[in-house]
Structures are given as C-alpha cells and as structure tokens.
Amino acid sequence: MDSCKRVALACLLFALVATRPAAAQDGFMDILDAIIPAPILEFFGRSPPESPEVGQRILSEADILELEKPQEGFVGAGEANILTLEIPPNGPDFPNALITLSMLNEEGDADIYCVPTYLFEIGNSPPSNAFSVWKSDHSQGNDHVFISRNHELYEESKVGVQEDGVTAEAVSIVCSVVGFAAGGSEYVVEIDIDYTDRTLIDEEQSAMQDIFDTCCAGSPSACQQWKSKTEDDGAVSMDFCHFSGSMCNGEGRLLRLGMAAFDLDCDFPIESIAKLEGLEKLEMGKNKLKGDISEILESFKGKAMLEYVQISDNMVEGSLTAGDAPVCDLTHGSGLAFLDLARNDIKGEIPACLFDESTELKEIILDENDFEGPLPEMSPDASLQSIRLVGVGLTGTIPEAIGSMEKLVALNLAENALEGPIPSNLGSALTLRSISLGNNKLEGAIPAAFVASQNLRFVWLQNNRLTEFADEWDVAGALEDSRLVIFDAAKNLIEGGLPVGFLSAPKLSLLELADNKLSGEIPDEPGMLPRLTTAMLNGNEFEGVIPVNMKDIGFFDEQARIRSPFKPEFDLSNNMLSGEIPDFLHADSIPQFLWGKIRLGGNQFGLPCPLADHLRHINDLVCGDKESLVDSVESDIEARDDPREAFKEPFLDFDPEALSVAPASESDEDEVTAIDMEPIESDLPDEFVFSPVEAPSAEQEVESVEVEDVSLLSNSGDNESSRNANLLVASKRGRGIPMRPTPDPKEADDSSVELQNSSEAEAVQRPSGTKAAKSGGSGFFIIGGAAFMFIILMSVIVVGVIRKRQKAKTAEANAIVDLELAVAEVEPEGDDAAMLEGVKPSAPL
C-alpha cells in the first residue's frame with residue numbers, strides 16, 4: 001500500500017478511535033501501532049512494531065489455508081498457530097469468506113484472529129484479540145469468522161499474486177489460532193467462499209428496526225455507531241449481516257448479534273431478540289439497557305442454539321433466584337456455556353445451580369453486582385473453566401471443594417470479604433492456571449500446593465492478611481519445574497525470609513512482595529530468576545548487602561526484557577540494606593532507559609556526599625543521612641480491583657495548546673489542584689533537589705502540569721546559574737524523586753524546559769515563556785516529508801479532541817506546571833493479556 005493510502009488510513013483510524021468509548025479503544029490503538037511511524041508512536045507513549053525480519057520469519061513458518069483443503073492442527077494454552085490464506089476472485093467479483101474453526105477434542109477451546117496481510121507486514125506481529133480486524137470470541141466447540149467483501153478494509157487486502165507466470169489479484173489474509181484449553185486444543189479450520197451477498201431476512205431486519213426505534217430514536221446523539229451505517233438511499237442500515245461483530249448464515253439469519261457499546265437506551269428488547277430464532281451469540285454489553293434479569297433470562301429459554309450471553313455494564317436489576325430461577329434452566333440442558341452479567345444492579349444470592357455437577361456453563365462473570373452471602377458449594381465435576389466473582393460482596397470462607405474442580409482453569413474472587421485460610425488443595429488441580437484472591441481478608445499460610453503445581457502461571461494474593469509461606473517454598477530448586485509467571489502477594493503481613501525456592505523459578509517475570517514484614521538477607525544464587533524483569537521487594541525489613549548474583553535476573557538481560565509482557569522494575573527501596581552498591585547497578589553497566597526503573601532509596605547505604613557520578617541515575621538515591629527523606633514515601637502498587645490494571649499504560653493525553661507554556665487562566669483555577677513550586681529549603685548536595693509537588697489525594701490522579709514561571713524552578717544560592725530548569729516530578733506512587741545532574745549551562749538552551757521521562761529516560765524539548773507561544777514547537781514535528789507532516793498534524797488534532805472529551809473527568813488532575821509526570825507503570829500486555837489469565841482475552845481477571 002502506497003504512502004498516501006497509509007496516511008489516509010492512519011487518520012481514518014485515529015478519527016474512529018476518537019469517537020469510540022475509552023474502553024473500546026485498546027484494539028484500535030494496536031492497529032495504529034502497526035501503521036504509524038515509530039517516532040510518532042514513541043512521542044505518544046506507544047511501542048513501535050517488530051522488525052520486518054520477525055514478520056518474515058512468522059510468515060515463512062505459517063501454514064497455508066486453501067479452499068477445499070481443511071487444515072488440522074494442535075495448539076497449547078496461550079500458544080498461537082499462524083495461517084495464511086489467499087481468496088481468489090471469480091472474474092471481476094470477489095467473494096465473502098467464511099472461516100470455520102472446529103474443535104476435535106471435547107475439552108478444546110480456541111479462537112481465531114485475522115488481519116489483512118499488509119497490516120501484518122507493517123506491524124510484524126501475529127494477529128491477536130487486541131490486534132485483529134476479524135475475530136471470533138469465547139467459542140465453545142465450533143466458531144466462525146465471516147469476512148464480508150463489503151468490509152472497509154477488504155479492498156485494501158487485495159494483492160498481486162503470481163500464478164503460472166501471470167500476476168492476478170487475490171485477497172491476502174493472515175490469521176492466528178490461539179489456544180485456551182489447559183490440556184491443549186486439537187482443531188480443524190477450513191474456508192468457504194460465497195460470491196453472493198448475504199442480506200438479513202426481512203423478518204429479522206424488522207426486529208432490528210424495532211430496536212432502533214425504541215432505543216435510538218429518542219436522542220439525536222444516541223447510537224451514533226449504528227447511525228453511521230447507511231444504505232444507498234441514506235437510510236440507517238438494518239442489515240446486520242455486514243456489521244462488525246455480527247454474522248449471518250447462508251439463509252440470511254443472524255447467528256451472532258454484536259451490539260456492545262451501541263449507546264442503546266431503553267428497556268431490554270425482549271420481543272425483538274425473540275424474533276432472532278437462530279441466534280447463537282448475543283453481545284449487548286456497555287449500553288443503558290434496563291429490565292428485570294429474571295424476565296430477560298426467561299425470554300431466552302426458547303433459543304435452543306443460544307450458547308453465549310453478554311449483557312454486562314448495563315442497568316439491569318432483579319435477582320437470579322427470583323421465580324423459578326430461569327438461569328438454572330438455561331444452564332442445564334439448553335446449552336448456555338458463557339454468561340456475563342457483570343456491573344449491573346443484580347441482588348440476592350448467587351444460585352448454587354451454576355456450580356453443580358450438571359451445569360453446562362464453562363465461563364461465568366458476575367463482577368460488581370450486589371450479591372450477598374457466602375460462596376456456593378462447588379462440585380468437582382462441574383464443567384466450569386473460568387469463574388469471575390470480583391467485588392460481589394461474598395463473605396465467609398473459600399470452600400475446600402473448589403480446589404478439586406477438575407476443569408477449572410481460572411479463578412477470580414478478588415475484592416470481596418472472604419476470610420479464613422486459602423484451601424490447602426487450591427492449586428493442586430491439573431488444569432488450574434490462574435488464581436486471583438487479592439483484596440480480601442484471607443489469613444494464614446500461602447499453600448504448598450502452589451509450589452507443586454506445574455501448570456499454575458498467575459497468582460494474585462495482594463492486600464490480605466496472610467502471614468507466612470508454607471515450608472515447601474523455602475526449599476532450593478522447589479520451583480525449577482514451575483511455569484509460574486506472576487506472583488503478587490504485596491500488602492500482607494508475611495514474615496520470615498524470602499523463600500529460596502523463588503530463585504529457581506525459570507519463567508517468573510513479576511515478583512511483587514512489597515509492604516510485608518520479610519526480613520533477613522536476600523538469598524544469593526548464580527543464575528537466579530533469569531526472566532524476572534519486575535522485582536518489587538520494597539517496604540520490607542531486608543538486611544545486608546544487595547546480592548551480587550542479582551545481576552543474573554531478567555531485569556538486566558535484554559532478551560528477557562524483550563520476552564516479558566511487563567515494563568522492567570527493580571525496587572529494593574525502604575528496607576534496611578547496607579554496604580556498597582554493586583557494579584551491575586552503576587550507570588555505565590546498564591542501558592540508560594533503565595535508569596528511571598531502579599529504586600534503592602530509604603535504605604542504610606551511608607553514601608558519601610556528593611553522590612558519585614555513577615550513582616546519580618538512581619532517582620531516589622541520596623547521600624549521607626538524607627535517605628530518611630524517602631522513608632515515608634509509599635512505593636508499591638496500590639491495591640487494585642483488577643491486578644492487571646497496574647500493568648496497563650494509558651494512551652497519552654495530548655493537548656495541542658500545551659505546546660506553548662503559559663500561565664493557567666483564572667477560569668481554570670477552580671478545576672485544578674494548585675501546586676506550590678517554591679524550592680525546598682534543603683542542605684542536600686548541590687546536585688540534588690526534591691520536587692515540592694504534594695502527592696494527590698486518592699480521588700485525584702495528576703497527569704500533567706504547566707510551568708507558570710521558569711525562574712521559580714532554579715535553586716537559590718551560588719550554584720543557581722549552574723542549573724537549568726531540568727525537573728523530574730514525583731510519580732503517581734508519590735515518591736520524591738531528585739533532579740538529575742545537568743549539562744554545563746553554557747551548552748544548555750535557556751529557552752527550553754527539558755522534560756525527563758522516567759519510563760524511557762528520554763527528553764522532549766518544549767519552548768518556554770513568551771517565545772513558546774510564538775514558536776509552537778513546530779521544529780519538533782518536522783521529521784520529513786509532506787505525508788509525514790500530515791500524519792503528525794492529524795494525530796495532534798484528533799488526540800486533542802480525545803483529551804477534550806475526557807476533560808470533565810480529568811480536570812481536577814491538571815496543574816500549573818507544564819510537565820508530563822514520569823509514570824513508572826508496567827507495559828501494556830498486548831496479546832500476553834490473553835495468555836495471562838488462561839482464559840479468553842475479553843474476560844480478563
């Protein structure tokens with residue numbers, strides 16, 4: 001695709017993102033990552049794509065899917081098999097394509113994600129839930145991907161194909177088959193093509209018209225996504241065969257209705273949905289639908305094919321146990337395998353029938369409803385693979401039987417009031433891969449069954465009252481056969497030493513034990529934790545020196561950092577460590593972009609003043625007796641509803657007006673949190689000064705600040721002229737972070753403020769004072785080429801629109817100084833988010 005088309009497509013997608021809800025933007029941002037040049041991605045805080053060599057290697061190893069030649073395969077949990085296919089025309093006409101994915105083993109579970117080959121070649125990353133144009137979701141058994149020839153990107157998917165020395169056109173697609181079953185999935189995938197247009201039958205178009213008239217016609221601003229789809233005569237289209245997220249069979253009947261985030265505002269359209277007789281999957285989440293949940297579920301009883309219901313994030317009320325509890329009938333004999341009712345206003349008890357030996361449910365999500373009572377008893381023979389009951393008011397203890405559920409892959413009971421011990425057998429089930437019990441009141445020991453499990457990958461136990469590790473954790477080599485990737489037990493009451501068993505974990509990427517009562521010396525072993533890129537041991541009572549073999553952990557290894565789904569973090573702050581700081585932590589031993597990722601403050605190193613040059617890159621490290629200044633700063637990840645939220649990096653809010661540094665207007669004073677920029681009186685060495693920014697309250701999250709007077713940023717005294725306005729504001733975690741040494745002032749540009757970014761250790765130059773308003777920073781954007789300039793300008797304008805749409809939510813977080821906070825967050829997970837939970841990416845834990 002030539003450069004002009006790429007420019008147009010990038011701007012189109014940017015505009016599309018700006019009009020979508022925030023929660024629906026992630027997948028589009030991944031597509032933008034594949035299109036927009038790396039310098040712009042880096043400016044907006046996005047990661048550039050893989051190299052062309054990586055993409056070519058993936059394509060060279062891919063299987064080829066051909067017409068009338070089904071492709072069989074096997075895919076393990078969290079793995080992906082790549083397929084390529086070329087769809088030929090019939091004369092001048094190109095066909096619709098239907099890809100069918102069928103499981104050959106009963107426990108198999110996989111989805112398929114597809115993108116045009118040209119998009120793959122730009123991003124060089126396999127298609128995934130986050131990076132896909134056509135996809136299937138939450139399939140149990142067979143699933144389908146329908147590629148309509150009327151799709152916006154279908155035309156762009158055409159390429160020249162050599163056949164018998166003749167160049168012909170074909171539609172070129174790359175797909176990934178991603179597995180989710182713990183025991184692996186045997187599958188067959190095949191493609192059928194149809195040169196006739198599929199059109200929704202009149203009866204079902206009438207049903208869709210009824211939904212539109214009831215839920216969309218009341219407000220001009222409602223259902224904009226739907227209203228943007230029009231027929232040739234200008235009328236709003238009711239033919240959902242060609243809507244993204246929906247799919248029809250050959251007879252023109254809807255198999256899948258995708259109306260998530262359509263801005264529907266009405267009572268749940270029971271009668272209209274009843275007319276869709278062949279419906280297999282119903283997605284109507286993130287709307288404003290109202291009604292009684294029992295009545296809604298009762299209306300589904302006549303749908304023999306319905307296996308998937310998602311009506312989360314609405315305004316549905318009632319109880320699941322009212323009347324004859326229709327949810328029990330739907331899940332026993334009717335084939336309903338997936339049920340998502342999260343974030344509604346459903347009350348009462350959770351029915352025990354959902355967890356008995358006869359239930360056909362494989363995945364249930366009831367997060368953030370107002371249930372009451374204990375967790376129901378669960379049968380070891382239940383078919384459930386994923387249970388999500390986050391923040392639903394559960395009390396009592398966790399039943400012992402839950403550890404014996406034979407098919408359970410993922411369990412999330414976070415954000416409840418569960419008490420007592422963690423069942424000793426939890427983790428012993430062969431299928432269990434993910435456990436999330438954070439933010440409860442659990443007590444006692446962390447079970448030995450976690451150590452013995454060879455399938456357990458992800459464990460979240462943060463913010464409980466756990467007091468110890470079982471003895472089995474403290475055995476050398478205890479985890480050498482483990483597949484553990486994440487272990488988070490921060491904010492507990494755990495005592496004793498750091499279990500030596502952790503050191504042998506070959507795949508552990510994130511170890512979070514902050515804010516406990518761990519003591520003694522940190523164990524030291526050659527080759528320890530080779531993939532550990534996020535080590536959070538801060539806020540404990542560790543003593544002694546930093547182990548010399550910590551140089552072997554993944555944080556310091558380039559290949560481990562590349563493989564890890566998380567941003568690197570190395571935090572030993574606020575302990576009682578002493579001695580010399582080892583050479584592998586010196587500035588000349590590690591890449592510059594890691595400098596802002598290391599925290600050692602609040603220990604007892606007793607470093608001489610002035611601080612040595614090779615240690616000044618460590619943000620919170622100070623000399624002499626000044627280490628106590630950082631002792632009171634909370635430095636760990638806050639307890640969170642969804643533990644993975646801490647690993648998501650939000651798309652950078654960018655305001656074109658912020659290119660010029662100017663005082664905040666009087667009208668903004670009521671909306672911002674004022675920050676006093678007077679310098680702190682301190683006897684610290686001249687090379688360091690702490691920013692005087694007060695940490696925001698729990699309800700506030702500072703995103704950016706504006707410089708009112710650059711002269712206030714310099715320190716008083718004889719060395720004033722030796723400093724420029726080089727600042728590093730404390731991060732979200734509230735740390736006081738020292739300024740870094742600056743170059744000779746004769747070489748510095750007095751008309752600019754250098755913004756230090758702790759996540760990448762890079763600086764972005766912005767003009768200051770009155771000159772800034774005149775220059776507008778245009779020199780930064782002129783990288784070359786008219787098309788390139790066009791992308792930049794359109795990006796700034798559209799992202800400015802996004803910021804203004806979000807301004808009402810973030811107004812209190814704006815302040816008087818125009819600096820972007822150095823947010824030391826963990827990297828977006830991309831497709832690793834799917835692997836992360838052992839369940840489907842659209843149902844994260």
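The model shown is predicted, which means the values in this text are computed figures rather than measured ones.
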> Do the non-hydrogen side-chain atoms of E558 and P591 ever get within less than 4.5 Å of each other?
Replying inline: no
>> Tell me which pairs pass side-chain hydrogen bond (donor to acceptor under 3.5 Å, both in side chains) where either residue lies in residues 392-405, with sequence neighbours left out.
In response: E400-S424, S404-N425
> Under 4.5 Å between any side-chain heavy atoms of I446 and N492, yes or no?
Replying inline: no
>> Looking at K507, is its backbone amide N or carbonyl O close enough to the side chain of R483 to form a donor-acceptor pair, meaning the two atoms are under 3.5 Å apart?
In response: no
Distance-only donor-acceptor pairs under 3.5 Å for side chains of residues 521-533, two or more places apart:
{"from": "D524", "atom 1": "OD1", "to": "N549", "atom 2": "N", "distance (Å)": "3.1"}
{"from": "D524", "atom 1": "OD1", "to": "N549", "atom 2": "ND2", "distance (Å)": "3.0"}
{"from": "T533", "atom 1": "OG1", "to": "S509", "atom 2": "O", "distance (Å)": "3.4"}
{"from": "T533", "atom 1": "OG1", "to": "S564", "atom 2": "OG", "distance (Å)": "2.8"}

> Can you check whether L537 reaches F542 side chain to side chain, under 4.5 Å on heavy atoms?
Replying inline: yes
>> Using a 3.5 Å distance criterion without hydrogens, assess whether the side chain of R433 forms a donor-acceptor pair with backbone atoms of T431.
In response: no
>> Strictly below 4.0 Å, N to O, side chains only: are R599 and D571 in salt-bridge contact?
In response: yes
> What is the ring orientation for F502 with W473, classed by angle as parallel under 30°, tilted 30 to 60°, or perpendicular over 60°?
Replying inline: tilted
>> So L375 and I402, do their side chains get closer than 4.5 Å, heavy atoms only?
In response: yes
> Of the non-hydrogen atoms in S504 and A478, which two are nearest, and what is the gap between them?
Replying inline: OG-N, 3.6 Å
> Just wondering, do P568 and L594 contact through their side chains at under 4.5 Å, heavy atoms?
Replying inline: yes
> So how far is it from K441 NZ to E419 CD, rounded to the nearest 0.5 Å?
Replying inline: 5.5 Å
> Does the ring center of F487 lie less than 6.0 Å from the ring center of F450?
Replying inline: no
> Could you go step by step and tell me if L479 and L508 meet the side chain to side chain contact (heavy atoms under 4.5 Å, CB included) rule?
Replying inline: CA-CA 10 Å; L479 294 173; L508 189 62; over 6 Å; no
> Any idea how F584 and F556 line up, ring-wise: parallel (<30°), tilted (30 to 60°), or perpendicular (>60°)?
Replying inline: perpendicular
>> Quick check against the 3.5 Å criterion: does N540 have a side-chain atom that pairs as donor or acceptor with the backbone of N575?
In response: no
